[in-house]
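Read the numbers this way: they start at 1 and go in the same order the structure lists the ligands and their atoms. Throughout, residue positions are numbered sequentially from 1 according to the sequence presented.
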Amino acid sequence: MPWRNVLRVFEGVGVMERDYDVTVIGSGIGGLCAGALLAKRGYRTLLVESLDRWGGRLSTVEKDGYKLPTGAILLHRDGPLENIYREVGADFEVVNLPKTLHCRIEGKDYQMKLNNPLTLLKVISDLEISGGKLARLGGSLAAEIGKKKIQQTLGKGTKNPFARGARLNFREWLMQYTDNEVLHKIFDAIIVAVLVCHSWELPASEFFSYMTALGALADAGIAPRGNVELIQGLVEAIKENGDAWLSSPVRQIMVRKGEAQGIVVEKEGRDVTVISKVVISDTGPKRTVDLAGSDNFSRKYLREIRMRLRAGPAMLVLAASDAPLLPENAHFMVISGARRLVCAGDIALLCPDLAPRGKHLSYYCGYPLNSLVPMEVEWEKTQCQRDLEEHFPDITKHGEILHMGVHDVDSDFPGARAWPGYDMPPETSIKNLYNIGEGVRATGWSGTNKAATTAREVADMVAKTLDRC
Ligand SMILES: Cc1cc2nc3c(=O)[nH]c(=O)nc-3n(C[C@H](O)[C@H](O)[C@H](O)COP(=O)(O)OP(=O)(O)OC[C@H]3O[C@@H](n4cnc5c(N)ncnc54)[C@H](O)[C@@H]3O)c2cc1C
């Protein structure tokens with residue numbers, strides 16, 4: 001490596017010399033991926049995490065012998081995330097879901113293929129919804145997805161979802177073919193479950209990009225012994241060429257003359273100053289501004305954050321039971337027409353190590369009716385509870401709710417840091433300060449794959465910068 005950054009760490013009054021090239025703030029999956037890629041490519045990397053566990057919303061908390069996910073559960077195979085694991089030599093151990101996905105529509109169950117989103121059209125045709133231009137809907141959906149595929153092959157993805165001609169939201173796009181509310185609710189439930197916003201909040205082009213990317217992925221699965229074990233390989237990859245500190249909240253990103261200089265981090269009760277050439281933040285664009293101080297950013301950048309960034313809320317319910325609560329053999333299902341719930345999974349059915357022997361652990365996600373106003377927590381919980389009792393009545397007989405978490409838009413761990421298309425670029429207006437993670441733009445991806453895509457993009461940019469030094 002042509003450039004070697006000499007890093008000085010001031011601990012208390014003493015000064016220590018170390019040679020990190022990059023500091024990464026936050027060990028969400030974005031931070032872990034960026035840290036592991038850069039360490040593997042030969043740059044000395046320091047990862048700092050404020051909590052006492054790695055992974056942020058892709059982690060595990062143990063309770064009564066159950067391994068509870070802190071957010072994400074379904075991980076796609078052969079996508080951007082698994083590719084990073086391969087590149088850094090970490091083991092991506094995930095148990096695949098069966099290829100059939102249950103859909104509960106207005107109380108009735110149907111099946112579609114997990115890796116072929118167009119089988120949704122078959123489900124729709126089975127619903128016997130008449131009227132509108134349904135025959136044209138299928139053709140147009142396939143055509144839009146096909147168009148995206150060609151654009152992506154030619155490297156011409158829609159960079160700006162607000163560009164002229166790309167302004168329809170998905171609900172408006174669908175309205176061209178049908179105003180049937182059952183159909184609108186189905187698409188809304190799918191969009192909420194995978195893209196964490198409502199169909200009227202999502203630029204239509206983002207939906208087609210997502211469906212195109214999804215169609216190219218082979219399978220999806222679950223980490224058999226919990227997410228925190230799955231991510232350990234990335235932590236090890238970082239430690240091979242750097243350090244990773246838990247329980248170390250960053251207090252400040254240091255900026256001088258418009259350039260990031262390093263961080264101030266609390267470690268073992270003392271403030272430690274770490275000077276580095278590049279700082280990468282996985283804490284979300286808003287938190288990055290707080291840490292670096294808004295005075296250091298351009299007005300244009302601050303305005304863009306204010307005007308553009310829109311987070312998505314979510315509710316996560318985890319229940320223990322002696323017997324399955326989902327329909328027979330349903331590992332995972334999408335629910336349309338419920339008050340709040342949009343998906344459910346019996347995760348210990350597929351991965352028995354997530355629960356004590358013979359027990360079930362089920363996972364439910366819900367979404368409020370409005371993403372723009374803060375949730376009324378007790379009301380939202382009541383609505384979730386009513387959905388659970390109505391759709392999974394055995395929960396009252398055999399089940400115990402272990403966790404009912406509200407991930408509101410302004411919480412540390414929202415459902416999503418940004419709706420697709422309402423996210424920020426990775427570069428900030430401060431030199432050598434980058435954002436990664438789910439609040440950053442990565443067309444066609446959501447959740448962990450989105451965070452991984454942003455991590456790779458920033459790792460590539462940082463490598464170029466460091467090689468020039
Ligand atoms: C209920 C729910 C269900 C989901 N289901 C799925 C799913 O099935 N599949 C999927 O792919 N995605 C899913 N997601 C989304 C997925 O969890 C996220 O996209 C992904 O984990 C985002 O990672 P991230 O890199 O943005 O960082 P985050 O997970 O947001 O982590 C940020 C990290 O930064 C740390 N941090 C913050 N401030 C500081 C500081 N000052 N100093 C040091 N560290 C700091 C935090 O403690 C945290 O560890 C779900 C999310 C939720 C909430």
Side-chain angles (χ1 to χ4, degrees), residues 23-35 46-59 68-76 79-82 94 97 192-196 214 217 220-223 227-228 230-231 234 244-253 263-267 279-288 290-292 311-318 332 342-343 345 347 363-367 403-409 411-418 420 423 435-440 442 445-455 458:
T23 47
V24 180
I25 310 171
S27 73
I29 190 62
L32 289 168
C33 285
L46 172 66
L47 175 85
V48 285
E49 166 57 50
S50 60
L51 301 180
D52 60 1
R53 57 174 164 77
W54 307 116
R57 285 172 288 163
L58 181 66
S59 192
L68 307 183
T70 56
I73 192 74
L74 271 195
L75 303 172
H76 284 286
L81 179 61
E82 186 168 2
V94 162
L97 282 177
V192 162
V194 294
L195 297 170
V196 201
L214 186 68
L217 298 181
I222 297 176
N227 293 329
V228 84
L230 179 75
I231 58 180
L234 298 177
W245 299 345
L246 278 176
S247 306
S248 303
V250 170
R251 301 286 179 220
Q252 190 193 339
I253 296 171
I263 57 170
V264 179
V265 54
E266 187 189 319
K267 185 167 184 261
V279 177
I280 299 174
S281 171
D282 185 34
T283 65
K286 281 189 180 160
R287 182 68 60 87
T288 305
D290 292 343
L291 288 171
M315 280 165 288
L316 172 63
V317 184
L318 297 159
F332 224 85
V342 289
C343 64
I347 57 179
Y363 170 102
Y364 309 86
C365 278
Y367 200 85
H403 171 85
M404 191 178 276
V406 172
H407 296 258
D408 211 347
V409 288
S411 68
D412 285 348
F413 293 128
R417 285 197 198 285
D423 24 31
N435 279 306
I436 51 171
E438 201 198 31
V440 173
W445 301 111
S446 77
T448 51
N449 271 328
K450 185 181 190 195
T453 303
T454 66
V458 167

field: Residues which pass side chain to side chain contact (heavy atoms under 4.5 Å, CB included) with Val440, listed by chain and number, not counting sequence neighbours
entry: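 Checked Val440 against side chain to side chain contact (heavy atoms under 4.5 Å, CB included); matches are Pro426, Asn435, Thr454.
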query: What pairs with Asn227 under side chain to side chain contact (heavy atoms under 4.5 Å, CB included), at least two apart in sequence or on another chain?
result: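 With neighbours one apart ignored, the set is Leu58, Thr60, Pro69, Leu75, Ala223.
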Atoms in ligand 1 flagged as close to [X], the criterion being non-hydrogen separation under 4.0 Å:
X	result
Tyr363	3 (C), 4 (C), 5 (N)
Gly437	25 (O), 26 (O)
Leu51	47 (O)
Val48	43 (C), 44 (N)

Going by the closest heavy atom to [atom], which one wins out of [options]?
atom	options	result
atom 45 (C) of ligand 1	Ser50, Pro414, Cys33	Ser50
atom 36 (N) of ligand 1	Thr283, Asn227, Val194, Thr454	Thr283
atom 17 (O) of ligand 1	Lys450, Arg57, Arg53	Arg57
atom 52 (C) of ligand 1	Pro69, Gly71, Ala455, Gly56	Gly71
atom 25 (O) of ligand 1	Thr448, Ile436, Asp282	Asp282
atom 13 (C) of ligand 1	Ala418, Gly31, Ala72, Ser248	Ala72

Look at [atom] and say which protein heavy atom is nearest, naming residue and atom and giving the distance to 0.1 Å.
atom	value
atom 30 (O) of ligand 1	Arg417 NH2, 2.6 Å
atom 42 (N) of ligand 1	Val250 N, 2.9 Å
atom 31 (O) of ligand 1	Gly28 CA, 3.3 Å
atom 1 (C) of ligand 1	Leu316 CB, 3.8 Å
atom 35 (C) of ligand 1	Glu49 OE1, 3.4 Å
atom 34 (O) of ligand 1	Gly26 CA, 3.3 Å
atom 18 (C) of ligand 1	Glu438 OE2, 3.6 Å
atom 51 (C) of ligand 1	Gly415 O, 3.6 Å

- prompt: Does the side chain of Arg287 reach to within under 4.5 Å of the side chain of Asp412, using non-hydrogen atoms?
  reply: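 Touching, per the 4.5 Å side-chain cut-off.
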Looking only at distances, can you tell me whether any N or O atom of [X], backbone or side chain, sits closer than 3.5 Å to an N or O atom of ligand 1?
X	answer
Ser446	no
Asn449	no
Leu74	yes
Ala314	no

query: Taking the side chain from Ser248 and the backbone from Leu246, do they hold a donor-acceptor pair closer than 3.5 Å?
result: yes
